[in-house]
Chemist: 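Here you go, one structure.
Excluded from the calculations below are hydrogen atoms, water molecules and symmetry mates; all remaining heavy atoms, backbone and side chain alike, are included.
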Amino acid sequence: MRDNTIIDIEMNKLFFFSSLALCLMFAVGIQAKEYNILALGAKPDGKTVNTEIIQKVINQVSESGGGEILVPAGVFLTGSLELKSNIHLFLAKGAVLLGSSNPYHYQEMKMPGRLDTDKKDDNSQMALLTAYKADNITISGSGKIDGQGRALALNIDSLHHLGDRIDPNYNTNSWRPSETVRPKLFYFSTCNNVNISGLELKNSACWGLSFELCHGLKINGVKVFNRAYWNNDGIDILDCRNVSITNCDINSADDGICLKSYYSKYANDSIYIANCTLRTSASAIKLGTASYGGFKNIVVNNIKVYDTYRSAIAIESVDGAVIHNLEIGNVKAENVSNVIFIRLGHRGGEDPGSIENVYIHDVKAQIAFGRPDINYDMRGPAIDFFHNPFPASITGIPGYKVEDIRIENVEIAYPGRASKGMAYIPLSRLSQVPEKISDYPEYHMFRELPAWGFYVRHAKGIVFKNVVLNIEHPDFRPPFVLDDVTDVTFNQLTLPENNSNIVIRKCSNWNYDANLKLNFVIAN
């Protein structure tokens, strides 16, 4: 099965890059004529609002068959712009497209015929750059797009308290306007053949770059700095097909590259993420939390993660999504709180989904003892209870197991320093770990865990091959705890000599090399 899975993924790569070739053909074809917004009346003073002029240019260029719209050097202030088909927006060196900080300069994009989404509480249709059912769009150059997100969000907050622009979903726990009223930097829906490259993109009031139900999306060589306000994800992909994200540098207050599924009958399919660097106060590469449809045929390769508070790799199906055929390899994670978090839960949807055929390989990670993001100006919500360092985890729920997970060529350095005085679950009380079936998925969701390396529960067909676990200081917990796990294999496992217990509870059919010096402990 594993070999067939890899072959399937490689075939999807070939199909995907063939589609990208077509996208590039479209992109080249629409660059025949250039329209300079400065020559057409836009003012580069950073004060004049140019929305009407730039939108008029976009409309005229698209209606005439397409072309290149040049943003020359200078600072061009604007509100929401809606891109149309066959547009190439090119930002020259020194060009800045500056988002207005006036909330009234942003309106929800009109989207007639838009599909009804299963999740409605965190996905507004407002952004600085928007597009709906538009094809063959290119945004490129060496300029910048700056959303002025902090000033914009604070103005939205002020208008709410003045009663002039009420946010019906205002977050009274943290005193901030909700995601439904804060504009993103990009929001593209139901578009085909979109290419984004070479730009510096920064300071959204909400998510950074958001794409839903798009087909043929290529993002290459962009720098995303999104730490102006809360919910500042880097890139969000929602139920898209044939997507490539390569050579990007992402520094975000919330999740770095996040794949979400908002539509129960759709899925993220044929996604390729490679050669990216991520720093975030949340998770770096994440599938979920919104997970209604599915995630399949996804390849993540050559990723560097650093100073990240939550998980380097988070794979979550909690709303009924099917996660199938996922390969993540060549990951280097330094100063992170957690390296691998795989969770099948049941927060939403009629039935739980599934997670199967996941191959994680060639990972080297160093786990921090404290907060890796302590020096961030925008830090994610802190864990609100005392705890020891958390292990990597692979967990399902009773009756629904995570299946066919292969962890290979993985080396993780843990800090140790666990204390029974801080928190303690004895091996005689493994049932004390709560199931949290419907809770929001996060690596610390079970509170204290009884292992320091890997905690695996409700799983089937788990393979650990050439896994090295190091620990800097002593930890009273065992490196592995397996609870309700069927068909588990240990091959070439390296553990500290004085801390090599494998604790098993309600497990069957475990296999390991005869040469391994492992001490299996059966727990009640």
Side-chain angles (χ1 to χ4, degrees), residues 311-313 330-342 360-370 372 387-395 405-430 432-433 443 446 448-457 459 462-485 487-524:
S311 300
I313 302 164
N330 300 298
V331 176
K332 185 176 182 180
E334 297 180 350
N335 193 32
V336 299
S337 292
N338 177 261
V339 59
I340 298 170
F341 174 70
I342 301 176
I360 298 175
H361 63 92
D362 296 286
V363 175
K364 188 170 184 178
Q366 177 256 323
I367 307 300
F369 183 75
H387 60 88
N388 289 304
F390 292 97
S393 62
I394 302 170
T395 62
I405 311 295
R406 186 179 183 92
I407 310 294
E408 183 172 4
N409 300 333
V410 170
E411 181 177 351
I412 309 174
Y414 285 95
R417 297 174 61 184
S419 166
K420 290 183 180 181
M422 179 66 70
Y424 178 43
I425 295 180
L427 299 181
S428 60
R429 298 205 307 265
L430 292 183
Q432 180 178 328
V433 178
Y443 75 103
F446 307 110
E448 184 70 9
L449 285 172
W452 61 263
F454 275 89
Y455 175 75
V456 186
R457 182 169 60 175
I462 311 299
V463 176
F464 293 98
K465 182 177 180 181
N466 192 24
V467 173
V468 178
L469 299 184
N470 297 313
I471 193 162
E472 185 177 1
H473 299 284
D475 195 309
F476 67 87
R477 301 169 297 177
F480 281 88
V481 170
L482 282 67
D483 190 351
D484 185 27
V485 180
D487 300 327
V488 60
T489 299
F490 293 101
N491 191 343
Q492 297 173 262
L493 187 65
T494 303
L495 302 173
E497 290 186 4
N498 60 349
N499 194 329
S500 60
N501 286 348
I502 309 291
V503 176
I504 293 176
R505 176 178 180 264
K506 296 183 180 179
C507 295
S508 62
N509 194 22
W510 60 87
N511 306 283
Y512 61 97
D513 282 345
N515 295 328
L516 290 179
K517 296 181 180 180
L518 300 178
N519 181 29
F520 286 89
V521 177
I522 310 298
N524 295 325

Chemist: Once you round to the nearest 0.5 Å, how far does CD of Gln492 lie from CD of Glu408?
Modeler: 8.0 Å

Chemist: Between Pro450 and Val433, is there a side-chain heavy-atom distance shorter than 4.5 Å?
Modeler: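 Answer yes - side chains close enough.
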
Chemist: Please report the closest heavy-atom contact between Ala368 and Asn335, naming both atoms and the distance.
Modeler: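 Distance-wise, the nearest heavy atoms are CB-OD1, 3.2 Å.
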
Chemist: Please give me the minimum heavy-atom distance between Ala523 and Leu427, naming the atom from each residue.
Modeler: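 Looks like CB-O, 3.6 Å.
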
Chemist: Would you call Glu448 and Lys420 a salt bridge, taking side-chain N to carboxylate O under 4.0 Å as the test?
Modeler: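 The answer is no: the pair does not qualify as a salt bridge.
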
Chemist: Take Phe341 and Ile394 through the side chain to side chain contact (heavy atoms under 4.5 Å, CB included) test and state the conclusion after the steps.
Modeler: CA-CA 6 Å; Phe341 174 70; Ile394 302 170; over 6 Å; no

Chemist: For residues Ile360 and Ile340, determine if any side-chain heavy atom of one lies less than 4.5 Å from a side-chain heavy atom of the other.
Modeler: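 Answer yes - side chains close enough.
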
Chemist: Is there a donor-acceptor contact under 3.5 Å from the side chain of Tyr414 to the main chain of Gly453?
Modeler: yes

Chemist: Return yes if some donor-acceptor pair links the side-chain N/O of Asn388 with the main-chain N/O of Ser419 below 3.5 Å, else return no.
Modeler: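 At least one qualifying donor-acceptor pair exists.
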
Chemist: Does the side chain of Ile342 come within less than 4.5 Å of Ile405's, by heavy atoms?
Modeler: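 Yes, side chains in contact.
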
Chemist: Measure from the side-chain N and O atoms of Asn491 to the backbone N and O of Asn466, and report whether any donor-acceptor pair falls under 3.5 Å.
Modeler: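 No.
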
Chemist: Supply the atom-to-atom distance Ser337 OG to Tyr443 OH, rounded to the nearest 0.5 angstrom.
Modeler: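 OH of Tyr443 is found 3.5 Å from OG of Ser337.
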
Chemist: Which pair of non-hydrogen atoms, one from Pro389 and one from Gly416, has the smallest distance, and what is that distance?
Modeler: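 For Pro389 versus Gly416, the nearest heavy atoms are CG-O, 3.5 Å.
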
Chemist: Report yes or no: does Asn409 contribute a side-chain atom to a donor-acceptor pair with the main-chain N or O of Val363 at less than 3.5 Å?
Modeler: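 No, because the side chain of Asn409 does not come within donor-acceptor range (under 3.5 Å) of the backbone of Val363.
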
Chemist: Pair Phe454, Ser393 - check side chain to side chain contact (heavy atoms under 4.5 Å, CB included), show working.
Modeler: CA-CA 5 Å; Phe454 275 89; Ser393 62; over 6 Å; no

Chemist: Go through it in stages, so that I can follow the logic: the residues are Thr489 and Tyr512, the test is side chain to side chain contact (heavy atoms under 4.5 Å, CB included), and I'd like the CA-CA distance, side-chain angles, deciding distance and then a yes or no.
Modeler: CA-CA 6 Å; Thr489 299; Tyr512 61 97; over 6 Å; no

Chemist: Kindly indicate whether the side chain of His387, heavy atoms from C-beta on, has any atom under 4.5 Å from the side chain of Met422.
Modeler: no

Chemist: Looking at CG of Asp484 and NZ of Lys506, how far apart are the two atoms once the value is rounded to the nearest 0.5 Å?
Modeler: 7.0 Å

Chemist: Please find the pair of heavy atoms, one from Leu495 and one from Pro479, that lie closest to each other, and give the distance.
Modeler: CD1-CG, 3.9 Å

Chemist: Please lay out, stage by stage, how Leu469 and Val467 fare under the test side chain to side chain contact (heavy atoms under 4.5 Å, CB included).
Modeler: CA-CA 7 Å; Leu469 299 184; Val467 173; 4.0 Å; yes

Chemist: Please give me the minimum heavy-atom distance between Pro415 and Glu472, naming the atom from each residue.
Modeler: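 Here Pro415 and Glu472 meet closest at O-CB, 3.8 Å.
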
Chemist: Establish, yes or no, whether the cationic atom of Arg457 lies under 6.0 Å from the six-membered ring centre of Phe446 and within 45° of the ring axis.
Modeler: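 Positive - Arg457 is close enough to the ring of Phe446 and near enough to its axis.
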
Chemist: Any heavy-atom pair between the side chains of Asn470 and Val468 that's under 4.5 Å?
Modeler: yes

Chemist: If you compare all heavy atoms of Leu482 against all heavy atoms of Cys507, which two are closest, and at what distance to 0.1 Å?
Modeler: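 Smallest interatomic distance, heavy atoms only, reads O-SG, 3.3 Å.
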
Chemist: Any side-chain donor-acceptor pair under 3.5 Å between Trp452 and Asn499?
Modeler: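 Side-chain D/A pair, Trp452 to Asn499: present.
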
Chemist: Here's a test for you: under ring-ring contact (aromatic ring centres under 6.0 Å, His included), which of Tyr455, Phe464, Phe520 qualifies with Phe480?
Modeler: Phe464

Chemist: How long is the span from the CG atom in Leu493 to the CD1 atom in Ile407, to the nearest 0.5 Å?
Modeler: 12.0 Å

Chemist: Using a strict 4.0 Å threshold on nitrogen-to-oxygen distance, state whether Arg505 and Asp483 make a salt bridge.
Modeler: yes

Chemist: Check whether any side-chain heavy atom of Ile367 sits under 4.5 Å from a side-chain heavy atom of Val339, and report yes or no.
Modeler: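 In contact.
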
Chemist: Do Asp475 side-chain atoms and Arg477 backbone N/O form a donor-acceptor pair below 3.5 Å?
Modeler: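 Between the backbone of Arg477 and the side chain of Asp475 there is a qualifying donor-acceptor contact (under 3.5 Å).
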
